[in-house]
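Per chain, numbering begins at 1; letters A, B, ... match sequence-line order.
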Amino acid sequence: MDFITEAAVKAVKHLYQTDISPNAIALQETRKEFEGQVTIVTFPFTKFSRKTPEQTGTEIGEYLLGNLSEISAFNVIKGFLNISLRDAYWIDQLYDEILHQDFAVSKPNGKKVMVEYSSPNTNKPLHLGHVRNNLLGYSVAQILDAAGYEVIKANLVNDRGIHICKSMLAWQLFGNGETPESTGMKGDHLVGKYYVIFDKEYKKEIEFLKSEGQTEEEAKKNAPLIKQAQEMLQKWEAGDEEVINLWKTMNTWVYDGFGKTYNRLGVDFDKFYYESNTYLLGKDIVEEGLEKGVFFEKEDGSVWIDLTEDGLDEKLVRRSDGTSVYMTQDLGTAQLKYNDFHMDDSLYVVGNEQDYHFKVLFLILKKLGKSWAKGLYHLSYGMVDLPSGKMKSREGTVVDADDLIDEMEQTAKEQTEALGKVTDLTEEGLLELYHTIGMGALKYFLLKVDPKKRLLFDPNESVDFQGNTGPFIQYTHARIKSVLSRAGVDYAAKTGITEIAPVERDLILALTQFPTIISEAAKGYNPALIANYVYELAKTYNKFYHEKSILQAEDEMLKIFRLQLSSASAKVISRAMNLLGIDVPERM
RNA sequence: GGUCCCAUAGCUCAGCUGGAUAGAGCAACAGAUUUCUAAUCUGUAGGUCAUAGGUUCGAAUCCUAUUGGGAUCACCA
């Protein structure tokens, strides 16, 4: 559509002797109730045209009509100049752009970006919050890849610390040697079970100490279990063989479990970082900061940065005993990532509860003069809430990832069987189909909302399969495939068609927008834009499908054209869904 | 208390850097299948865009205040 913008700039120059920037021209899609496909808002031009918006629109419209052969007509309503493009223009768009193999394929832009996501703790299984994180991270990586970036998907596993020691300790004390093999439990769930047991027993101890007269705070500090856990952490840090072995064993269980869940979610990673390897990093950065005078040391030996001038607080970057805190590690890890990959941009897909942490982290790195700090970005997403409020692992009010996936597959199965359309697939094929549809519903449900916004999930209400949903879009794809497979003609070559119906034009128009949507989604790190787009596209296709017969078209040329249009739609739907990490079935 | 985020139909959400009469889906109601997959399509109904000011030719969108909700401000991660 750039040619219209350019021509409009010329029109303004010619008519009103004024130079304007192309950015000053607001091109928008014409609203459905009006004639035309593209609209220019002419209010801003009245300043120098010194005429009414209507007159200004008419003058520009006449200029464009006279100078652009693609334009067939225009109309002006108040300050809106609505432009109609010739059918030939849209037909060319289909043949020369959309059906071209390079359509919506960006050339490499020479930039490298890291997307860190997932980043689980190894003391409990994944829940719905992690699912949102994983799907977001994976989708953003796909979108950036489509936009021409070289993408590195990274996972920073939080595999050490007091919380893991809690699971380990509880297993030692109450586990009776249970293993995933002996119990048949998935490894991450088994470890999570002991995390919950720890918390339960710990609470009992606190209550007991309180009954003996201790305050809540004292009790929390003095409970034997927490002391044992802390001892265990010290032993771990000292490299105690027994503790390390237990840690390794239990982590192996967890990784095995996570691997299965990642697999079902369809996400993967190029690089794993482990906090057990990175938690000591950052100390040299602390030294560097002290030398540069960015940090200061207090009397007790703790090191801080004063961010009050930036509207923030003082922040600790090293404990008085010389050990690292979260911030220290993250400073070091950021440097490590950069040293490893020298990427231009680095995204952290982390919930918005950590907004403050990342604001501080990035600010510190900038103050330290790290040239790469400007490429850091916290992709902050909203929490997933239940109707009862926030999910809390310890209180058991979490929606478990594996359970959720099971339920989605089960629902997909019930829906498919109720419709009774797919009858000739093998058992294996059916299971794959249920997985595809169930995950399609779940992924679309989670990705269609703006990542920044919090998301409400009601476990008692199953995720829809109708309307603005993944299965709706998958269904549209399957339907197209079904028609294409019955085509009975070769539809590879261009037709000489010259006229098309409004629904067909609308569909082509929708298809042409795909590349723009990809770049906008990439710029905003926002899969929801893709989701909303592909939904609109599917709706437009369904309307076309309903109004026009493809295989029974009036003549052969029209039939071929509609097959081509359908094929193009299926391709774009499939690619767009792929950017969301969603598969589309051939039949359903 | 300081800082940050959010508020659009009964519910879940769109609404791009300000532009036309604020749009979808679900739920409700009424229709469409001798025709390519009805997980579809068409229609009806549903709104003081939290409230009050301001900027502008024009505000759901930008600014200020208020109300309501959430997050965060650990020598936890």
From [atom1] of [X] over to [atom2] of [N], roughly how many Å is that when rounded to an integer?
| X | N | atom1 | atom2 | result |
| --- | --- | --- | --- | --- |
| Phe465(A) | G25(B) | CZ | P | 19 Å |
| Asp450(A) | C16(B) | CG | C1' | 12 Å |
| Lys543(A) | C41(B) | NZ | P | 10 Å |
| Lys453(A) | A14(B) | NZ | C1' | 8 Å |
| Glu461(A) | C11(B) | CD | P | 12 Å |
| Glu237(A) | C76(B) | CD | C1' | 13 Å |

### Query
When rounded to the nearest 0.5 angstrom, what is the spacing between CG in Leu361(A) and CG in Asp330(A)?
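Separation between the atoms: 5.5 Å.
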### Query
Is Phe43(A) stacked on the base of G19(B), with ring centres under 5.5 Å apart and planes under 30° apart?
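Taking the rule of under 5.5 Å and under 30°, the ring of Phe43(A) does stack on G19(B).
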### Query
Using Watson-Crick and G-U wobble pairs whose two distances are both under 3.5 Å, how do you write the pairing of RNA chain B as dot-bracket, with | for links to another strand?
(((((((..((((.....[...)))).(((((.......))))).....(((((..]....))))))))))))....
Categorize [X] for me: base, sugar-phosphate, or nothing, with a 4.0 angstrom heavy-atom threshold over every strand shown.
| X | answer |
| --- | --- |
| Thr416(A) | base |
| Thr39(A) | base |
| Pro53(A) | nothing |
| Leu312(A) | nothing |
| Glu33(A) | nothing |

### Task
Tell me which nucleotide among A14(B), C75(B), A77(B) gets nearest to the side chain of Asn158(A).
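Closest nucleotide among those given: A77(B).
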### Message
Quick check for you: among G23(B), A24(B), C26(B), whose closest atom lies nearest to any side-chain atom of Lys539(A)?
### Response
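Per side-chain heavy atoms of Lys539(A), the pick is A24(B).
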### Message
It should be established whether Arg319(A) places a side-chain nitrogen or oxygen under 4.0 Å from OP1 or OP2 of nucleotide A74(B).
### Response
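It does not, given that no N or O in the side chain of Arg319(A) lies less than 4.0 Å from OP1 or OP2 of A74(B).
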Would you tabulate the pairs of protein nitrogen or oxygen atoms and nucleotide nitrogen or oxygen atoms of nucleotides 33-37 of chain B closer than 3.5 angstrom?
from: C36(B); atom 1: O2; to: Ile550(A); atom 2: N; distance (Å): 3.3
from: C36(B); atom 1: O2; to: Leu551(A); atom 2: N; distance (Å): 2.9
from: C36(B); atom 1: N3; to: Ile550(A); atom 2: N; distance (Å): 3.0
from: C36(B); atom 1: N4; to: Tyr545(A); atom 2: O; distance (Å): 2.4
from: C36(B); atom 1: N4; to: Lys548(A); atom 2: O; distance (Å): 2.6
from: U37(B); atom 1: OP1; to: Ser482(A); atom 2: OG; distance (Å): 2.8
from: U37(B); atom 1: OP2; to: Ser482(A); atom 2: OG; distance (Å): 3.4
from: U37(B); atom 1: OP2; to: Arg486(A); atom 2: NH2; distance (Å): 3.2
from: U37(B); atom 1: O2'; to: Tyr475(A); atom 2: OH; distance (Å): 2.1
from: U37(B); atom 1: O2'; to: Arg479(A); atom 2: NE; distance (Å): 3.1
from: U37(B); atom 1: O2; to: Lys421(A); atom 2: NZ; distance (Å): 2.8
from: U37(B); atom 1: O2; to: Met588(A); atom 2: O; distance (Å): 3.4
from: U37(B); atom 1: N3; to: Met588(A); atom 2: O; distance (Å): 2.8
from: U37(B); atom 1: O4; to: Met588(A); atom 2: N; distance (Å): 3.2

### Query
Angle class for the Phe445(A)/Phe457(A) ring planes (parallel below 30°, perpendicular above 60°, tilted otherwise)?
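Aromatic pair Phe445(A)/Phe457(A) classed perpendicular.
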### Query
Going by the angle between their ring planes, with limits at 30° and 60°, are Phe272(A) and Tyr274(A) parallel, tilted or perpendicular?
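The arrangement is parallel - the two ring planes meet at less than 30°.
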### Task
Could you list by number each residue of residues 74-84 of chain A showing a heavy-atom separation from RNA chain B of less than 4.0 Å, or answer none if no residue does?
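Nucleic-acid contacts, sorted: Lys78(A), Phe80(A), Asn82(A).
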### Query
In whole Å, what separates the C1' atom of G19(B) from that of U37(B)?
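The answer is 42 Å between these two C1' atoms.
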### Gln28(A) atom CD, neighbour heavy-atom count above 12 within 6.0 Å
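Yes, because the 6.0 Å sphere around CD of Gln28(A) holds more than 12 heavy atoms from other groups.
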### Task
Decide whether a cation-pi geometry holds between Arg160(A) and Tyr279(A); the criteria are a distance under 6.0 Å from NZ or CZ to the six-membered ring centre and an angle within 45° of the ring axis.
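Cation-pi check for Arg160(A) and Tyr279(A): passes.
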